[in-house]
Amino acid sequence: MALTGVQIFKLLPKTNCKKCGFPTCLAFAMKLAQAGVDISACPDVSEEAKATLGAASAPPIRSFSLGAGDKAVKLGAETVMFRHEKKFVNPCAIAVNIKDDLSEDEISKRASEVASSEIDRVGQKLRVDAISVEYVSGSSAKYEAAVKLAADKAPDAAIILNCKDAGAAESAVKAVAARKPLIYCATDATAEAMASIAKTHACPLVACADGLDALSALTEKIKGLGVEDIVLDSGAKTAKDIIEHNTQIRRAALKKSFKPLGYPVINFVMRDDDIHETSIASVAIAKYSSIVVLSSISKWKDLVLFSLRQNLYTDPQVPMQVEQKIYEIGEPKADAPFMITTNFSLTYFIVSGEIENSKVPSRLAVMDCEGLSVLTAWAAGKFTAAKIAQFILESGIANTLSQKELILPGQVAILSGALEDKLEGWKITVGPREANAIPTFLKGR
Amino acid sequence: MSFVVPKESFTGKVLAVDFGKDDKALAIGGENCLPFLSFEGEVPNKPVIAYEIQDCVPDDWPETVKNIYKDVSGDPVTWAKYCQNDLKAKAIALRLASTHPDRGDRSAEDAAKTVKGVLAAIQVPLIILGSNHIEKDASVLVAAAQAASGNNCIIGKAQEGNYKTIVAAALAHNHKLIAMSELDINLAKQLNILITQMGFDKAKLITDPMCAALGYGLEYTYSVMERIRLAGLAQNDPTMQPPIVGDVGMYVWKIKETVASETDVPDWGTLEERGIAWEAVTATSMILAGTNLLIMRHPKAVENVEKTISELV
Ligand code: B12
Ligand code: SF4
């Protein structure tokens with residue numbers, strides 16, 4: 001928890017020597033409290049005071065990257081319990097578990113599925129972020145080979161070394177050290193060995209214990225061994241334990257400034273039934289997990305989980321929006337259809353996607369309605385005949401078109417009369433209500 | 001530093017509402033903590049799932065879910081029995097879709113007959129829903145409430161534009177009532193106040209803050225529900241304490257993700273699983289945000305959410 005100016009003042013030398021550039025120690029302390037200066041500006045401050053201040057200013061939930069390179073995902077740094085309070089910060093990473101005793105072909109196939117899992121949704125590129133390679137073969141050589149293979153086939157994915165055997169983990173870490181694998185895991189019994197591997201190779205480490213008491217003690221121990229990038233596994237497997245443990249962890253970190261649990265959380269949600277696993281994964285995503293590990297992925301499962309993660313991690317104050325302009329889809333000629341919609345990302349991506357599907361080159365005018373959907377914008381008075389007319393006229397698009405015709409979303413058919421009055425010389429056509437009818441509509445013209 | 005479980009206790013409590021009759025009656029709500037956090041509070045009832053049926057052939061439902069009911073959906077009574085006896089539904093939600101002016105414009109009297117027929121055929125509790133046409137519902141739901149008199153049903157949805165007649169009918173025939181507003185906590189509160197000012201007991205209300213499908217505004221529903229819960233529990237706001245309903249099926253089974261075939265969108269995977277998972281995950285998110293009563297369509301999605309619920313309690 002951040003300290004107040006007066007609390008900080010008590011830690012300073014109180015000599016008012018001005019070397020920090022401030023007239024008094026108190027003035028410096030006040031500025032520090034607002035994070036406007038760095039403590040190092042005072043040359044005389046004690047190491048102890050620095051440590052106290054450092055600890056107090058550290059974020060309540062530690063943040064670091066899972067994986068390396070530009071596809072690495074940030075973990076942690078969350079600041080609230082509920083998304084309406086403030087945007088959730090770092091979307092939960094989605095990982096799939098692969099056992100090392102599978103055939104090479106199978107490992108390659110599954111890792112390649114991760115590599116090709118990326119889909120574009122509402123303008124964001126979403127993908128399966130990590131592969132967890134599980135040590136079940138009992139052979140260190142086999143494990144290392146499996147890890148390497150998975151890492152090669154999915155060059156952008158983060159690697160989780162799901163291996164409780166320190167010897168096997170160490171050789172695997174060395175094999176993929178450049179990928180900064182997350183080591184899973186240190187238990188009370190293996191803390192020294194695992195922490196030493198993590199420290200040597202500068203990799204994050206999962207602390208795994210049964211329950212939050214034991215887990216808190218374990219993270220302290222690991223931290224004492226010099227590893228700071230820690231991920232928590234409380235042993236939660238059932239949906240009940242996931243929601244309760246994760247809630248308690250986040251509360252302890254945010255509301256009680258309880259440092260031993262101020263780390264991101266990993267949850268394993270494997271289930272025999274795929275749809276059930278998807279549901280349990282969604283419990284983890286909604287309730288504070290930073291990494292969720294699945295037993296398998298598939299296109300539909302990815303899409304469901306990506307969508308949920310995207311929904312819950314959007315900014316509650318600002319809908320996702322696209323730029324106001326007239327978008328050209330395909331290579332529209334002067335007589336190509338000209339349509340209008342609002343700048344809510346979801347609306348734009350659905351509509352432009354369907355126009356692409358139709359293969360009819362078109363123009364789509366996207367009007368700034370503060371990111372509201374067509375009907376919402378209309379109901380909020382932002383997508384009115386007057387405003388649409390003004391936007392069309394100011395855009396100067398009339399000069400580009402051979403025929404002045406504007407196609408409206410079917411949901412706002414009611415605007416067509418008023419628009420015809422306001423846009424003199426224009427023909428107003430009402431399009432279909434739902435975007436999925438656009439291809440038939442455009443091809444039939 | 002040793003770990004102390006960070007518990008929160010609230011002064012407020014979600015009102016418990018029962019519906020149905022005899023040994024098949026159900027109760028929802030009653031918790032004094034956030035969803036499923038029973039380490040710090042009482043959770044006397046778990047969320048209930050009602051199967052949605054309609055009073056006409058559901059030709060606007062996509063194949064995945066329409067096919068399941070193709071042999072029974074021609075008649076609401078057969079359909080209701082199928083849900084109760086074969087699918088082991090704990091509750092049924094009858095949507096009087098054909099009373100909508102665009103879907104047949106059937107009369108309030110017709111609707112009353114359907115309600116009577118269904119009630120005579122089932123023992124599990126019944127939720128009676130209008131067609132969501134403000135004016136039409138004002139008369140249809142009145143007739144339905146009367147036809148169902150004495151059965152302790154849930155009637156809905158009363159909205160700002162039509163609540164007066166519907167509230168009066170629910171009051172007269174002793175039903176529970178769904179009050180629906182559009183994704184706005186203040187509107188939800190306002191409507192509950194208006195309804196209780198008519199003498200309707202707040203302990204018989206259920207709030208519908210309006211549902212949205214995963215990928216189509218789910219985050220709005222999710223946050224409005226969480227805020228309603230917090231207002232009821234932490235601020236002890238009595239107008240925000242009724243249980244919450246999530247009318248999931250109707251929002252899910254129309255979006256592209258539950259309709260488009262794999263041939264059309266190869267990147268999205270198999271249609272059947274995609275649709276079922278879409279409904280299951282939408283519903284799961286709703287119960288995490290505070291929903292006590294779900295209205296759903298696909299038996300596999302229902303089964304799945306029930307499994308998740310049993311893992312959560
Ligand atoms: C999420 C939501 C909100 C969110 C806003 C989300 C956003 N960014 O827009 C919030 C909570 C803020 C909101 C607020 C309001 N909302 Co609102 N909201 C919704 C909801 C649930 C979903 C909207 C959505 O995201 N749709 C998805 C997008 C993709 O749809 P779309 O833009 O219409 O695009 C589709 C079609 O129109 C078509 N299309 C789009 N462009 C084009 C172009 C062409 C050429 C063609 C052919 C087709 C086409 O394709 C798309 C896909 O099929 C709807 C109900 C519903 N389920 O539809 C209500 C809804 C739109 N809201 C409504 C209302 C009344 C409001 C409020 C006025 C009420 C209030 N509670 O205060 C406010 C107004 C906002 C304000 N003052 O700031 C009403 C509108 C009713 C009406 N007919 O007037 C609705 C319909 C709810 C209802 N009655 O059931 N809302
Ligand atoms: S440099 Fe340090 S001791 Fe000197 S005035 Fe600034 S805060 Fe005080």
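For the numbers below, each heavy atom of this structure counts, side chains included, while hydrogens, waters and symmetry mates do not. Proteins get letters first, then strands, A, B, ... in listed order; numbering begins at 1 in each.
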- Note on the structure: Answer key: most heavy-atom pairs under 4.5 Å with chain A among V5(B), L288(B), V259(B), L271(B) is L288(B)
- Checked P35(B), G217(B), G275(B), G215(B) vs chain A; the most non-hydrogen pairs under 4.5 Å come from G215(B)
Check whether [X] gets within reach of chain A through its side chain, its backbone, both or neither, counting any heavy atom under 4.5 Å.
X       : answer
L230(B) : side chain
E40(B)  : side chain
K300(B) : neither

- Are the side chain of R274(B) and the backbone of W300(A) linked by a donor-acceptor contact shorter than 3.5 Å?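 Flag not set: sc R274(B) to bb W300(A) has no pair under 3.5 Å.
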Under 4.5 Å from any heavy atom of chain B - which part of [X]:
X       : value
K287(A) : side chain
T247(A) : side chain
E277(A) : neither
L346(A) : side chain
D302(A) : neither
D274(A) : neither
S279(A) : both
I350(A) : side chain
L261(A) : side chain

Going by an N to O cut-off under 4.0 Å, is there a salt bridge joining [X] and [Y]?
X       : Y       : result
K256(B) : E434(A) : no
R227(B) : E85(A)  : no
R271(A) : E311(B) : yes

What distance do [X] atom [atom1] and [Y] atom [atom2] have between them, rounded to the nearest 0.5 Å?
X       : Y       : atom1 : atom2 : result
D267(B) : D120(A) : CG    : CG    : 10.0 Å
D213(A) : S2(B)   : CG    : OG    : 7.0 Å
I280(A) : T284(B) : CD1   : OG1   : 7.5 Å
F3(B)   : Q248(A) : CZ    : CD    : 5.0 Å
L312(B) : E244(A) : CG    : CD    : 9.5 Å
I243(A) : L37(B)  : CD1   : CG    : 5.5 Å

- With side-chain contact (heavy atoms from CB on, under 4.5 Å) as the test, would you mind laying out the steps for T308(B) and H276(A) before giving the verdict? CA-CA 7 Å; T308(B) 304; H276(A) 190 46; 3.6 Å; yes
What closest approach, in Å, do [X] and [Y] show between heavy atoms, and which atom pair accounts for it?
X       : Y       : value
V281(B) : S282(A) : CG1-CB, 3.8 Å
A286(A) : Y222(B) : CB-OH, 3.5 Å
A252(A) : P6(B)   : N-CG, 3.9 Å
K240(A) : S38(B)  : NZ-OG, 2.6 Å
E219(B) : N311(A) : CB-O, 3.2 Å
V304(A) : A277(B) : CG2-CB, 4.0 Å

State whether the number of non-hydrogen atoms from other residues, nucleotides or ligands found under 6.0 Å of [X] atom [atom1] is greater than 12.
X       : atom1 : answer
D210(A) : CG    : no
K46(B)  : NZ    : no
I134(B) : CD1   : yes
K223(A) : NZ    : no
D59(B)  : CG    : yes
K90(B)  : NZ    : no

- Task: Check the pair F258(A), V4(B) against side-chain contact (heavy atoms from CB on, under 4.5 Å), reporting the backbone distance first and the verdict last.
- Result: CA-CA 9 Å; F258(A) 185 66; V4(B) 181; over 6 Å; no
- Task: With the side chain counted from C-beta on, respond yes when Y216(B) and S307(A) share a heavy-atom pair under 4.5 Å apart, and no when they do not.
- Result: no
- If we only count heavy atoms from C-beta on, is the E8(B) to R251(A) side-chain gap below 4.5 Å?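 Side chain of E8(B) against side chain of R251(A), heavy atoms only: contact under 4.5 Å found.
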- Query: In terms of heavy-atom pairs under 4.5 Å, which option from T278(A), V283(A), T314(A) contacts chain B the most?
  - Reply: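 Most pairs with chain B among the choices: V283(A).
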- Task: Heavy atoms only, distances under 4.5 angstrom: which of N436(A), L312(A), L212(A), I119(A) has the most pairs with chain B? Name it, please.
- Result: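 So the answer, after comparing N436(A), L312(A), L212(A), I119(A), is L212(A).
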- Would you tell me whether K299(A) and T270(B) have side-chain atoms, one donor and one acceptor, within less than 3.5 Å of each other? no
